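Following: one structure in structure tokens, then a few remarks.
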Amino acid sequence: GIHSYLTYLRDRLLLAKELLHESGSVFVQISDENVHLIRSLLDEVFGTDNFCSLITFAKNSGATDALLANTSDYLIWYAKSRAKVKYNQLYHDKSAGSEFAERYDQVRLDDGRERRVKASELDRPETLPEGSTLFTSQPAVSQGFRPATSVPFSMNGFTCDIGLQRNWKTSLIGMERLNRANRLSGSERMIYYKRHLDDFPAYAINASWSDTQDRFSKDYVVQTVPKVIERCLLMTTDTGDLVLDPTCGSGTSAFVAEKWGRRWIT
């Protein structure tokens, strides 16, 4: 039962910790049924201070259940040493038409005019007028009091007072520069910052992976899709690093490691 499974896993985790480089990481894939038990086991072996993240990733299909169908699995990520762990930030493409650019619903034309983006233009970004720029408007404030920026700001003939519980996202000099660059809009009630899509056309990947569904035939129930392992490898290793998979399964870890120039043992 569960006791023999946890003993089996604990032996492999102890070995993994012994073999790990000081900058190394360990990932354990688990369903929601036992995620709490495995998290406790990893706390025991690696220490609570070396917990890095609980990653939720989408599965291909949800099981039929009496209540809510579960459509996700989990990766529990621990480091040999969180202070020394190797980490490469990964990004999604945020170009026009991608799911991560959906909130960019306004366009600045080449002649300076601004308007809402048409639905047809979002479906086919190549039909946008030449020289145009997609942008979205966001409040130019953050929560909290800061003496230098929790003050009224005047622009275009009006003054916006945000009170003492909020502050501008930049200094007053920075706000003036943004206004001269036509990056601000609003009224006495709120001032908005115009964020252009091409300011940073990428979206940092976080701990929720909704794009990991894959169409392939599984040989066994817990087989991991290559994209999940690929993301773990790219996030925590460099070319030439060594990857160990002590459970092997169908060999997906070795396949992905070979593809990306990592050495591997399984």
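The structure presented is a predicted model; accordingly, all values stated were derived computationally and were not measured.
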When rounded to the nearest 0.5 angstrom, what is the spacing between [atom1] in [X] and [atom2] in [Y]?
X: Arg166; Y: Phe145; atom1: CZ; atom2: CZ; result: 14.0 Å
X: Asp105; Y: Glu121; atom1: CG; atom2: CD; result: 12.0 Å
X: Ser185; Y: Gln106; atom1: OG; atom2: CD; result: 7.5 Å
X: Cys160; Y: Met175; atom1: SG; atom2: CE; result: 8.0 Å
X: Asn167; Y: Ser150; atom1: CG; atom2: OG; result: 4.5 Å
X: Asn70; Y: Lys59; atom1: CG; atom2: NZ; result: 4.5 Å

Check the side chains of [Y] and [X] for a donor-acceptor pair under 3.5 angstrom, ignoring hydrogens and angles.
X: Gln89; Y: Tyr87; answer: yes
X: Asp245; Y: Thr247; answer: yes
X: Asn206; Y: Ser208; answer: no
X: Thr237; Y: Arg262; answer: yes

With a sphere of 6.0 Å drawn around CD1 of Ile173, does it hold more than 12 non-hydrogen atoms of other residues, nucleotides or ligands?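 Counting other residues, nucleotides and ligands, CD1 of Ile173 stays at 12 neighbours or fewer.
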
Inspect the surroundings of CZ in Arg113 and state if more than 12 heavy atoms from other residues, nucleotides or ligands are less than 6.0 Å away.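 Check fails, neighbour count at 12 or below.
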
Any donor-acceptor pair under 3.5 Å from Lys80 side chain to Leu20 backbone: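 Yes.
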
With Asp199 as reference, evaluate Lys94, Lys194, Arg183 under the salt bridge (charged side-chain N to carboxylate O under 4.0 Å, His left out) test and give the passing residue.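 Of all the options given, the one that passes is Arg183.
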
Test: ring-ring contact (aromatic ring centres under 6.0 Å, His included). Region: residues 235-265. Which pairs qualify, not counting sequence neighbours?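 Checked against ring-ring contact (aromatic ring centres under 6.0 Å, His included) - neighbours excluded - no pair reaches residues 235-265.
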
Given Tyr91, Phe200, Tyr203, the one that forms ring-ring contact (aromatic ring centres under 6.0 Å, His included) with Phe100: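 Exactly one option meets the ring-ring contact (aromatic ring centres under 6.0 Å, His included) with Phe100, and it is Tyr203.
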
Could you check Val45, Leu13, Asn50 and say which one makes a side-chain contact (heavy atoms from CB on, under 4.5 Å) with Val26?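 Only match with Val26 under side-chain contact (heavy atoms from CB on, under 4.5 Å): Leu13.
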
Relative to the ring of Trp168, is the ring of Phe153 parallel (under 30°), tilted (30 to 60°) or perpendicular (over 60°)?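 Perpendicular: the ring planes of Phe153 and Trp168 meet at over 60°.
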
Could you pull out all donor-acceptor pairs under 3.5 Å where a side-chain atom in residues 30-38 meets a protein atom, sequence neighbours excluded?
residue: Ser31; atom: OG; partner: Glu33; partner atom: N; Å: 3.4

